[in-house]
Amino acid sequence: MAAMEIPAAPAESGDVGAVYAEYRELLLHVACRKFRIPEAEAENLMQEVFLAYLQNEGRVENAKSWLVAAMCNASRHYWRSTGRTDPLPDNIVEQSDPVSHGLADRFAVTLTLRKALRYLQPRCRETLYMHYYEGRSAVDIARDMDTTTRYSEKLIHNCLKRVREIYFSITSVRR
């Protein structure tokens, strides 16, 4: 009896057309569902992946794994190169900028803080500026003011306490 030959699966055979037919739906599913790429763009990516497969066919051991990995990489590259953009809603004219919500309140607080800081002694104002706006430590402030670290910590504390008192006196509701 002659030994029966088992035909090779399409993925392992040299027939690229059979490989294309076998994995086309899988690769489209990966691009469209997993990476949310539009179908027309996914077709283009799939063509590029199969072109790369043809160029590397001699070195590919597992066609399915290679093709899926290549499609994932091509899909990631697609989003990196085109960038994700969400379409604007139809009623964009009726909507306001979310950043502008509370803008008037923030502006009022900023103006009030500036006014409160103007009431402080220059040394207090300078200390708070160095600590909160420049982000400097009590040690740096002490070195700048030619004093001890403990005194600069006390100065920061007392000046902050004083500016709070001024701020609350400015913003308090008078009856």
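For the single chain, residues carry numbers from 1 onward in sequence order. None of the values given here were measured: they were computed from a predicted structure.
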If you look only at pairs with a residue in residues 21-55, which of them pass as a disulfide bond (SG atoms under 2.5 Å apart), with sequence neighbours excluded?
->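 Qualifying pairs: none.
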side-chain hydrogen bond (donor to acceptor under 3.5 Å, both in side chains) partners for [X], two or more places apart:
{"X": "Arg125", "answer": "none"}
{"X": "Asn73", "answer": "Arg76"}
{"X": "Glu165", "answer": "Arg162"}
{"X": "Thr147", "answer": "none"}

Could you give all pairs that pass the side-chain hydrogen bond (donor to acceptor under 3.5 Å, both in side chains) test and reach residues 102-122, with sequence neighbours left out?
->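 Found none.
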Within-4.5 Å side-chain heavy-atom neighbours: [X] and [Y]:
{"X": "Val109", "Y": "Tyr167", "result": "yes"}
{"X": "Ser152", "Y": "Thr127", "result": "no"}
{"X": "Arg123", "Y": "Leu155", "result": "yes"}

If Ile, Leu, Val, Met, Phe, Trp and Tyr residues are connected whenever their side-chain heavy atoms lie under 4.5 Å apart, and connections chain through other members, are [X] and [Y] in the same group?
{"X": "Tyr53", "Y": "Leu26", "answer": "yes"}
{"X": "Val139", "Y": "Leu160", "answer": "no"}
{"X": "Leu120", "Y": "Ile170", "answer": "yes"}
{"X": "Leu113", "Y": "Leu111", "answer": "no"}

For residues [X] and [Y], report the shortest heavy-atom separation together with the two atoms involved.
{"X": "Leu27", "Y": "Leu67", "result": "CD2-O, 3.5 Å"}
{"X": "Ala42", "Y": "Leu28", "result": "CB-CD2, 3.9 Å"}
{"X": "Val163", "Y": "Ala116", "result": "CG2-CB, 4.0 Å"}
{"X": "Trp66", "Y": "Val49", "result": "CZ3-O, 3.9 Å"}

Could you tell me the separation between the [atom1] atom of [X] and the [atom2] atom of [Y], rounded to the nearest 0.5 Å?
{"X": "Tyr129", "Y": "Ile141", "atom1": "OH", "atom2": "CD1", "answer": "12.5 Å"}
{"X": "Leu128", "Y": "Leu117", "atom1": "CG", "atom2": "CG", "answer": "6.5 Å"}
{"X": "Thr82", "Y": "Trp79", "atom1": "OG1", "atom2": "CH2", "answer": "5.5 Å"}
{"X": "Ser169", "Y": "Arg164", "atom1": "OG", "atom2": "CZ", "answer": "14.0 Å"}

Applying side-chain contact (heavy atoms from CB on, under 4.5 Å), name anything that partners His77, two or more places apart in sequence or on another chain.
->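 For His77 the side-chain contact (heavy atoms from CB on, under 4.5 Å) partners, ignoring immediate neighbours, are Arg80, Ser81.
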Identify, with sequence neighbours excluded, every residue that meets ring-ring contact (aromatic ring centres under 6.0 Å, His included) alongside Phe107.
->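 Residues passing ring-ring contact (aromatic ring centres under 6.0 Å, His included) with Phe107: none at all.
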By ring-ring contact (aromatic ring centres under 6.0 Å, His included) - contacts of Tyr20 (at least two apart) |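 Applying ring-ring contact (aromatic ring centres under 6.0 Å, His included) to Tyr20 gives Phe50.
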Test Ile37 against every option in Glu39, Arg33, Lys34, Glu41 by the side chain to side chain contact (heavy atoms under 4.5 Å, CB included) rule and name the one that passes.
->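 When side chain to side chain contact (heavy atoms under 4.5 Å, CB included) is applied between Ile37 and each of Glu39, Arg33, Lys34, Glu41, only Glu41 qualifies.
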Residues in salt bridge (charged side-chain N to carboxylate O under 4.0 Å, His left out) with Glu43, at least two apart?
->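 Only Arg24 meet the salt bridge (charged side-chain N to carboxylate O under 4.0 Å, His left out) criterion with Glu43.
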Starting from Leu51, walk the hydrophobic network (Ile, Leu, Val, Met, Phe, Trp, Tyr; side-chain heavy atoms closer than 4.5 Å) and list everyone else you reach, by chain and number.
->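 Answer for Leu51: none, a lone residue.
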Can you list every pair that meets salt bridge (Lys or Arg N to Asp or Glu O under 4.0 Å) and has a residue in residues 132-153, with sequence neighbours left out?
->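 Listed by first then second residue: Glu134-Arg136, Arg136-Asp144, Asp140-Arg143, Arg150-Glu153.
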